[in-house]
Amino acid sequence: MNAPDEFWSFSTGVYAGEGVPAACLAFQSEGLDVNLGLWICWVAARGGEPLDGLDAAMALSAPWKQQVVEPLRAARNGLKPAPDGFEGEEAQALRRTILKAELEAERLQQARLEPLGLACGPAESQDEKSGEGGGRARAEAGLRRYAGTQVDRVRIAAFAERIFSALEKM
């Protein structure tokens with residue numbers, strides 16, 4: 001599969017899986033970029049080696065997350081609840097508009113990350129490439145490298161477990 005928006009389709013598909021939204025929020029609450037976490041899992045699931053493109057993916061994503069995604073998220077969260085004097089349907093309509101913009105910003109980020117993932121080399125051996133176990137192991141290694149010491153191994157494994165469980169049901 002190498003259709004346009006393959007990564008976005010993967011992400012929206014697994015996000016619908018049981019426990020995935022909560023796992024993504026937990027990942028995000030650690031200060032990590034969910035799109036990068038999903039990218040690592042996507043690359044690994046398609047038989048690639050996420051470590052091959054991780055540094056480039058992080059360099060590409062960091063300013064976008066800081067300058068675009070996080071300010072949109074902060075504005076959206078600032079309206080939940082709306083400040084005193086700004087309650088009501090108009091404020092909630094603005095919140096929905098900002099949510100749409102935030103999702104579009106994440107889709108654009110994924111569109112820029114996708115070519116980096118497609119360029120990642122294949123897993124070392126056919127044994128590693130095949131099967132969910134190899135993909136999940138590569139994903140966990142990539143997630144650990146991305147998170148560094150910021151997140152413990154159990155949380156990394158839990159994120160990967162949710163993503164790969166949802167992937168099995170797609």
Side-chain angles (χ1 to χ4, degrees), residues 1-30 32-73 76 95-123 126 128-147 151 155-170:
M1 178 182 206
N2 189 11
D5 296 328
E6 179 185 335
F7 176 32
W8 183 251
S9 295
F10 167 89
S11 297
T12 57
V14 297
Y15 194 83
E18 182 181 336
V20 174
C24 289
L25 284 174
F27 197 77
Q28 182 179 300
S29 73
E30 297 288 344
L32 300 171
D33 185 336
V34 172
N35 275 334
L36 278 174
L38 291 170
W39 179 86
I40 290 165
C41 292
W42 171 68
V43 171
R46 59 189 316 278
E49 177 52 71
L51 295 176
D52 287 353
L54 184 57
D55 290 339
M58 290 168 56
L60 176 73
S61 294
W64 185 255
K65 178 184 176 217
Q66 182 181 24
Q67 296 170 24
V68 178
V69 176
E70 287 177 344
L72 286 168
R73 186 170 295 132
R76 179 177 54 85
R95 186 173 190 276
R96 288 189 297 273
T97 299
I98 294 168
L99 174 60
K100 287 179 186 175
E102 184 182 346
L103 289 172
E104 179 60 12
E106 290 182 339
R107 190 196 65 74
L108 287 172
Q109 180 185 0
Q110 288 199 5
R112 299 312 184 275
L113 286 169
E114 184 168 322
L116 297 176
L118 294 171
C120 288
Q126 193 59 32
E128 285 182 338
K129 185 175 178 178
S130 63
E132 179 250 326
R136 183 170 166 195
R138 285 191 311 283
E140 287 186 31
L143 291 165
R144 283 193 305 274
R145 170 128 170 258
Y146 167 53
V151 181
R155 289 189 176 152
I156 292 294
F159 180 80
E161 167 62 29
R162 286 290 96 222
I163 301 303
F164 278 86
S165 290
L167 186 58
E168 287 176 1
K169 295 174 182 159
M170 284 178 50

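Heavy atoms only: backbone and side chains are in, while hydrogens, waters and symmetry mates are out.
Side chains of Lys65 and Asn35 form no contact here, defined as non-hydrogen atoms less than 4.5 Å apart. The shortest distance between side-chain heavy atoms of Leu167 and Met170 falls below 4.5 Å. Using a 4.5 Å cut-off on side-chain heavy atoms (C-beta onward), Leu108 and Trp64 make contact. At least one side-chain heavy atom of Glu106 sits less than 4.5 Å from a side-chain heavy atom of Leu103. For the pair Gln110 and Asp5, the minimum side-chain heavy-atom distance is 4.5 Å or more. Side-chain contact check for Leu143 versus Pro50: every heavy-atom pair is 4.5 Å or farther apart.
Contact check on Glu140 versus Arg136 returns a salt bridge, with a Lys/Arg side-chain nitrogen under 4.0 Å from an Asp/Glu carboxylate oxygen. Note on Arg73 versus Glu70: no salt bridge recorded, every NZ/NE/NH1/NH2 to OD/OE distance being 4.0 Å or above.
A side-chain donor-acceptor contact under 3.5 Å links Arg138 to the backbone of Ala44. No donor-acceptor pair under 3.5 Å is formed between the side chain of Gln28 and the backbone N or O of Val34. The closest donor-acceptor contact from the side chain of Trp39 to the backbone of Phe7 lies at 3.5 Å or more, if one exists at all.
Taking both residues in full, the closest heavy atoms of Leu51 and Gly142 are given as CD2-CA, 3.8 Å, listed atom of the first, atom of the second, then distance. Of all heavy-atom pairs between Ala166 and Val14, the closest is CB-O, 3.5 Å. Residues Gly17 and Pro21 come closest through the heavy atom pair O-CD, 3.5 Å. Of all non-hydrogen atoms in Val68 and Ala105, the two that sit nearest each other are CG1-CB, 3.8 Å. Residues Ser9 and Thr12 approach most closely at O-OG1, 3.3 Å, considering heavy atoms. In plain terms, the two heavy atoms of Leu36 and Ser61 that are nearest each other are CD2-OG, 3.7 Å.
Atoms CG and OH, from Asp33 and Tyr146 in turn, are 4.5 Å apart once rounded to the nearest 0.5 Å. Here the CH2-CH2 distance, from Trp42 to Trp8, works out to 13.5 Å after rounding to the nearest 0.5 Å. Annotation: the span from Phe164 atom CZ to Phe159 atom CZ amounts to 10.0 Å, rounded to 0.5 Å. Note that the OG1 atom of Thr97 and the CZ atom of Arg76 stand 12.5 Å from one another [nearest 0.5 Å]. In this structure, CE in Met58 is found 11.5 Å from CG in Leu113, a value given to the nearest 0.5 Å. Going from atom CG of Leu32 over to atom CD1 of Ile156 covers 6.5 Å, rounded to the nearest 0.5 Å.
Side-chain atoms of Glu18 and Ser165 include no donor-acceptor pair closer than 3.5 Å.
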